[in-house]
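Taking it in order: structure first as structure tokens, then the write-up.
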Amino acid sequence: MNILVINCGSSSLKYQLIDSESEKVLAKGLVERIGIDGSELTHTPAGKDKVEIKTDIPDHSVAVKMVIEALTDPVHGVIKSLSEIGAVGHRVVHGGEKFNKAVIIDESVIKDIEELSSLAPLHNPANLTGIHACEKNMPGVPQVAVFDTAFHQTMPRKAYMYGLPYEYYEKYKIRRYGFHGTSHDYVSKRAAEILGKDRKDLKIIVCHLGNGASISAVKNGECIDTSMGLTPLEGLFMGTRSGDMDPAIFDFICEKEGLTPAEMNTILNKKSGVLGLSNGLSSDFRDLCDAADNGNDIAAMTLDAYSYRVAKYIGSYAMAMQGVDIIAFTAGIGENSYGVKTRVCKYLGYLGAIIDDEKLKVRGEELIVTEPGSKVTVMVVPTNEELAIARQTLALL
Ligand code: AMP
């Protein structure tokens with residue numbers, strides 16, 4: 001069966017058509033600037049040239065219609081008709097406490113996702129727009145919601161409660177949820193497979209280091225802690241997000257700079273992290289590593305601070321699980337950045353890791369980077385959230 005995987009943002013829509021038997025990507029693409037001037041669809045069929053269609057794309061329903069047309073086009077299409085799409089798997093960001101696994105979408109699921117929008121006002125409404133657009137253009141095709149938060153729902157209360165008045169949890173469900181769950185689930189499973197072991201017998205720390213970044217502790221197959229919280233702002237430094245900080249800083253800067261809470265929120269989400277700390281140099285780790293290699297002190301400090309925080313989380317999760325068998329790096333930085341991995345790995349000797357530094361230079365490949373005899377296995381496992389969504393969609397049908 002072919003499964004269409006959709007990841008819908010407020011003005012964008014990413015898609016992949018995956019053959020669930022061979023697990024091959026038949027085509028993938030991106031619709032950008034939906035409802036904005038300059039909208040375009042980029043469609044990449046496997047083994048054929050990329051096609052770019054620049055036209056007015058006023059809403060997500062038109063975007064989905066164009067995706068179907070591209071997939072069924074006689075020249076650059078990969079299927080003959082819509083009937084060859086067996087199901088749609090949607091990435092949905094927030095499933096709150098309601099969803100601890102993927103579900104087939106019906107009216108009541110849509111209502112729940114709508115209600116959860118207060119916890120993810122930027123994401124859940126956009127995800128719903130994609131669901132409605134598919135319902136309209138592909139009537140009768142089963143649709144599945146795969147939640148970013150679901151894998152973390154096994155966290156115990158001691159890990160997800162904040163030290164805040166309990167009434168806020170009761171009234172507004174303020175607690176830690178965690179994100180990137182589909183990736184943490186996929187990578188921890190794959191890491192165990194690579195060692196030929198059952199995930200249920202292992203203690204695994206997954207470092208998902210991309211533009212957004214989070215770490216999770218997966219003990220005996222279940223997530224017991226993760227670094228993101230109520231929102232994706234908590235935890236590590238990220239490309240542009242601050243991660244953990246003293247909450248008093250919020251008011252302090254608002255007062256000194258005369259900022260509104262909304263403006264401050266934008267600073268913490270869009271202008272902080274490594275972009276902010278490097279004094280605006282870049283949010284891209286390729287630039288930061290190049291600058292540091294060329295003697296730029298602030299770039300080196302930013303990479304040191306970033307890596308130190310990653311190492312601190314690894315240390316705390318080793319303590320939380322009372323041990324660690326595997327540490328897996330994934331996502332853009334985790335898969336590719338020698339500058340970050342080598343800095344983080346310098347701290348891992350304490351856990352008994354014996355690192356082959358040359359192997360850290362390899363990019364984007366599944367690879368064990370520790371030497372035989374290492375107490376903990378450190379590895380790189382490229383994530384594949386789309387495949388994980390397709391697998392979960394298939395499993396539900
Ligand atoms: P993601 O959000 O997973 O796509 O990751 C994006 C991040 O990965 C960006 O900060 C990039 O700088 C980083 N990245 C991608 N490729 C490389 C590379 N070859 N070396 C260092 N960082 C990379």
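A quick note: this is a predicted structure, and the numbers were derived from the prediction, not measured. Order of listing sets the numbers, starting from 1, for every ligand and every atom in it.
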Is it true that Lys14 and Glu386 have a side-chain N and a carboxylate O under 4.0 angstrom from each other?
no

Show the atoms of ligand 1 that are less than 4.0 angstrom away from any heavy atom in Gly210.
1 (P), 2 (O), 3 (O), 5 (O)

Measuring to protein heavy atoms, does anything land under 4.0 Å from atom 19 (N) of ligand 1?
yes

If we ignore hydrogens and angles and just use 3.5 Å, is the side chain of Asn265 paired with the main-chain N or O of Pro261 as donor and acceptor?
no

Which atoms from ligand 1 have a heavy atom of Gly332 less than 4.0 Å away?
1 (P), 3 (O), 5 (O), 8 (O), 13 (C), 14 (N), 15 (C), 23 (C)

Tell me: protein heavy atom nearest atom 13 (C) of ligand 1, and distance?
Ile333 CG1, 3.7 Å

Looking only at atom types and distance, does a side-chain atom of Ser278 sit under 3.5 Å from a main-chain N or O of Leu275, one as donor and one as acceptor?
yes

Atom 17 (C) of ligand 1 has as its nearest protein heavy atom Asn336 CB, 3.5 Å

Which of the atoms of ligand 1 are close to Arg363, meaning less than 4.0 Å from one of its heavy atoms?
19 (N)

For the pair Lys111 and Glu114, find out whether any cationic side-chain nitrogen is under 4.0 Å from an anionic carboxylate oxygen.
no

Under 4.0 Å between heavy atoms, the region of Ser283 that gets near ligand 1 turns out to be backbone

Which ligand 1 atoms are under 4.0 Å away from a heavy-atom of Asp284?
10 (O), 11 (C), 12 (O)

When you compare ligand 1 with Phe285, is there at least one nitrogen or oxygen pair between them that comes in under 3.5 angstrom?
yes

Please list, in number order, the atoms of ligand 1 under 4.0 Å from a heavy atom of Ser337.
21 (C), 22 (N)

Could you check whether any side-chain N or O of Ser216 sits under 3.5 Å from a backbone N or O of Cys223, counting only pairs where one atom can act as donor and the other as acceptor?
no

If you measure only the distance, is there a donor-acceptor pair under 3.5 Å linking the side chains of Arg199 and Ser188?
yes

Tell me, which protein residue and heavy-atom name are nearest atom 2 (O) of ligand 1, and how many Å apart are they?
Asn211 N, 2.8 Å

For Gly9, does its backbone N or O pair with a side-chain atom of His60 as donor and acceptor, under 3.5 Å?
yes

Ser214 and Phe179 have their tightest heavy-atom pair at OG-O, 3.9 Å

